[in-house]
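Only heavy atoms go into these numbers, but all of them, side chains included; no hydrogens, no water, no symmetry mates.
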Amino acid sequence: MITFDDKPREECGVFGILNPDGSPAASSIYYGLYSLQHRGQEACGIAVCDTHGPFGNICQHKDMGLVGEVFHPDTLKALKGNLGIGHVRYSTTGASTVENAQPLVLNYLKGTLALAHNGNLVNADELRRELQQEGTIFHTTTDSEVIACFIARERPHTTCVEEAILHTAKKLKGGYALIIMSPKKLVGVRDPLGLKPLCLGRRGDSYVLASESCALTAVDAEFVRDILPGEIITITETGIRTNRQLMQEQHAHCIFEYIYFARLDSTMDSVNIYDARIRAGKALAASYPVDADIVSGVPDSGLPAAFGYAEASGIPFTFVFHKNSYVGRTFIKPTQEERESAVHLKLSVLESVVKGKRIVLIDDSIVRGTTIANLISMLKAAGAKEVHIRISSPPFLYPCYYGTDVPSNDQLIASSLTADEICKRIGADSLGYMKIEDLSKMTGELPLCKACFDNRYPVL
């Protein structure tokens, strides 16, 4: 499935809640997933369990499509249970089919579990071979299924599901945030590097786990803290306990959460996303000043950095595009030609604003260069005198193995062209990328994974 956005694809979003008072979980999961929709638009699902009902009876519903398309009032009403997890998916491993939608529900010797996973494993093939060699009957297509199968394999030899999860997590290499539901427990796991985000919230006596803090706000839960890299947290009706055996000193938080993936109103590992993107724009203004009349951003992801650039440069900020908010999955197109025409459906130029102006246009990234080239052409056709492009990330040069779908090198324009050549190719009057050394200005002292920019992978 190809969208007309020239962006890396989002990862996935996970959400879980336990209501000790017995109140239904499904509606809260629905709102949590709705707020995480930006993290995956291909498929979604909810699985619930009644901790006061028949042991191990998990009810689920999942399908291809957006949250608002897959779930309806009657669907949610049929999902009876006070404990539940949910998932929004963009496929990074496994085909884009309903069979690979999550949560995964697995029946095994000692019971039932459901799993929602964000991320990719770099040793998934090795783990599959291990399962095959021992004759495991489970079929594993996705990394998520590999994880679920190992937990199920370990469970008969352990005293509790958390022990089985710990034994499994010790085998995993890569980026992952897991929310796992057993009949009485909600368990969250974050990879030891902290590549994938996961946070904890509280609403009265209920506890919530989610990929981003914006999902906590959506269900009126108070942010408690981020799950620590390498932490396993178990939530039951009697409270919370944690296991930190997987924790290590080395951390590598995904920089693209702060550049693009996370929602503006989220805070992640103590970094406010909106403030981080403002700082990115200010860093661009310091590195790449230019004489211009107005500063603007590509809606919506380029706007905060554009505010920062305008503030630092003293050049007025304004909007140069109107965004059609009603263009969505209907206009997902399979060909390059249709993707390019769809840009005009999504964005239209405010001609009276741009005519005769020298414009600084900010975006968060360039992957193939097709979309930004179209936007520059649209601005100049509307009378813009100059268009200077500033990008709030360094050039994409290398693939990501941890769950962000950065295209192969032959599709990355920066892997074959210099910045000057890209500038000429897209029709800009100048081009400036965020300097790698300036990324720390976005996130402070937070240790980062920047492998897609510098080829330094924290785990392979």
Side-chain angles (χ1 to χ4, degrees), residues 8-17 29 32-47 62 67 84-94 96 100-104 113-122 124 141-148 151 165 168-169 172-181 186-201 208-216 226-233 246 251-258 260-263 266 268-269 273 400-406 449 452 458-459:
R9 296 288 194 95
E10 289 88 345
E11 303 157 313
C12 296
V14 295
F15 186 93
I17 188 169
I29 300 171
L33 294 183
Y34 210 99
S35 69
L36 295 172
Q37 187 73 86
H38 58 287
R39 300 188 70 86
Q41 297 93 45
E42 288 189 356
C44 57
I46 293 174
K62 58 184 179 180
V67 176
I85 64 175
H87 188 269
V88 291
R89 183 174 193 256
Y90 164 66
S91 58
T92 52
T93 64
S96 178
N100 288 328
Q102 296 187 35
L104 302 177
L113 64 83
L115 176 145
H117 168 221
N118 170 30
N120 267 19
L121 304 180
V122 297
T141 300
T142 66
D143 293 2
S144 309
E145 289 171 325
V146 171
I147 298 169
I151 296 171
I165 292 169
T168 297
L172 307 181
K173 294 181 181 179
Y176 57 89
L178 305 170
I179 301 182
I180 301 158
M181 178 179 70
L186 190 66
V187 183
V189 190
R190 190 176 183 192
D191 69 82
L193 288 166
L195 284 160
K196 300 303 171 192
L198 192 65
C199 63
L200 173 70
V208 181
L209 293 169
S211 291
E212 293 185 37
S213 61
C214 65
L216 306 180
D226 292 291
I227 305 304
L228 299 174
E231 183 178 14
I232 299 175
I233 184 168
L246 296 175
H251 295 163
H253 303 270
C254 174
I255 182 57
F256 228 68
E257 293 287 352
Y258 304 93
Y260 176 63
F261 284 135
R263 219 171 78 169
S266 288
M268 194 171 285
D269 292 305
I273 300 300
C400 175
Y401 300 111
Y402 310 127
T404 301
D405 189 28
V406 177
C449 175
C452 53
V459 59

Derivation and outcome, side chain to side chain contact (heavy atoms under 4.5 Å, CB included), residues D191 and E231: CA-CA 8 Å; D191 69 82; E231 183 178 14; over 6 Å; no
Audit row: L178, H117, side chain to side chain contact (heavy atoms under 4.5 Å, CB included) steps and yes/no: CA-CA 5 Å; L178 305 170; H117 168 221; 3.4 Å; yes
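The nearest pair of heavy atoms linking P229 to G194 is CB-N, 3.6 Å. The minimum heavy-atom distance between L195 and G175, with the atom names listed, is CD1-CA, 3.8 Å. Between P192 and L246, the closest heavy-atom pair is CB-O, 3.6 Å. Closest heavy-atom contact between S144 and Q102: OG-NE2, 2.8 Å. Nearest heavy atoms, T404 versus C400: O-CB, 3.4 Å. The nearest pair of heavy atoms linking S211 to P197 is O-CB, 3.5 Å.
The distance from atom OH of Y402 to atom CG of N120, rounded to the nearest 0.5 Å, is 10.5 Å. Q41 CD to C12 SG: the interatomic distance, rounded to the nearest 0.5 Å, is 10.0 Å. Rounding to the nearest 0.5 angstrom, the gap separating the CG atom in N118 from the CG atom in D143 is 11.5 Å. Atom CD1 of I255 and atom SG of C452 lie 8.5 Å apart (nearest 0.5 Å). The distance from the CD1 atom of I179 to the CG atom of L198 is 5.5 Å, given to the nearest 0.5 Å. Here CD1 of I29 is found 12.0 Å from SG of C44. Values are rounded to the nearest 0.5 Å.
Under the 3.5 Å distance criterion, the side-chain polar atoms of Q37 are matched with a main-chain donor or acceptor of V67. No donor-acceptor pair closer than 3.5 Å links the side chain of H87 to the backbone N or O of F15. The backbone N or O of P103 sits less than 3.5 Å from a side-chain atom of K62, completing a donor-acceptor pair.
Applying the side chain to side chain contact (heavy atoms under 4.5 Å, CB included) test between I147 and each of L115, V189, T142 identifies L115 as the sole match. Of the options V14, L104, T168, I151, a side chain to side chain contact (heavy atoms under 4.5 Å, CB included) to I180 is made by I151 and by none of the others.
By the 4.5 Å heavy-atom criterion applied to side chains, L216 and C199 are counted as neighbours. Side-chain atoms of L200 and V208, non-hydrogen and from C-beta on, never get closer than 4.5 Å to each other. For the pair L209/L186, a side-chain contact is recorded, criterion being any heavy-atom separation below 4.5 Å from C-beta on.
Scored by the side chain to side chain donor-acceptor pair (under 3.5 Å) test, E212 finds H38, R39, S266 as partners (sequence neighbours excluded). By the side chain to side chain contact (heavy atoms under 4.5 Å, CB included) test, Y401 is found to be paired with V122, P399, Y457, L460, residues two or more places apart in sequence or in another chain being considered. Shown here are the side chain to side chain donor-acceptor pair (under 3.5 Å) partners of D269, two or more places apart in sequence or in another chain: R190, H253.
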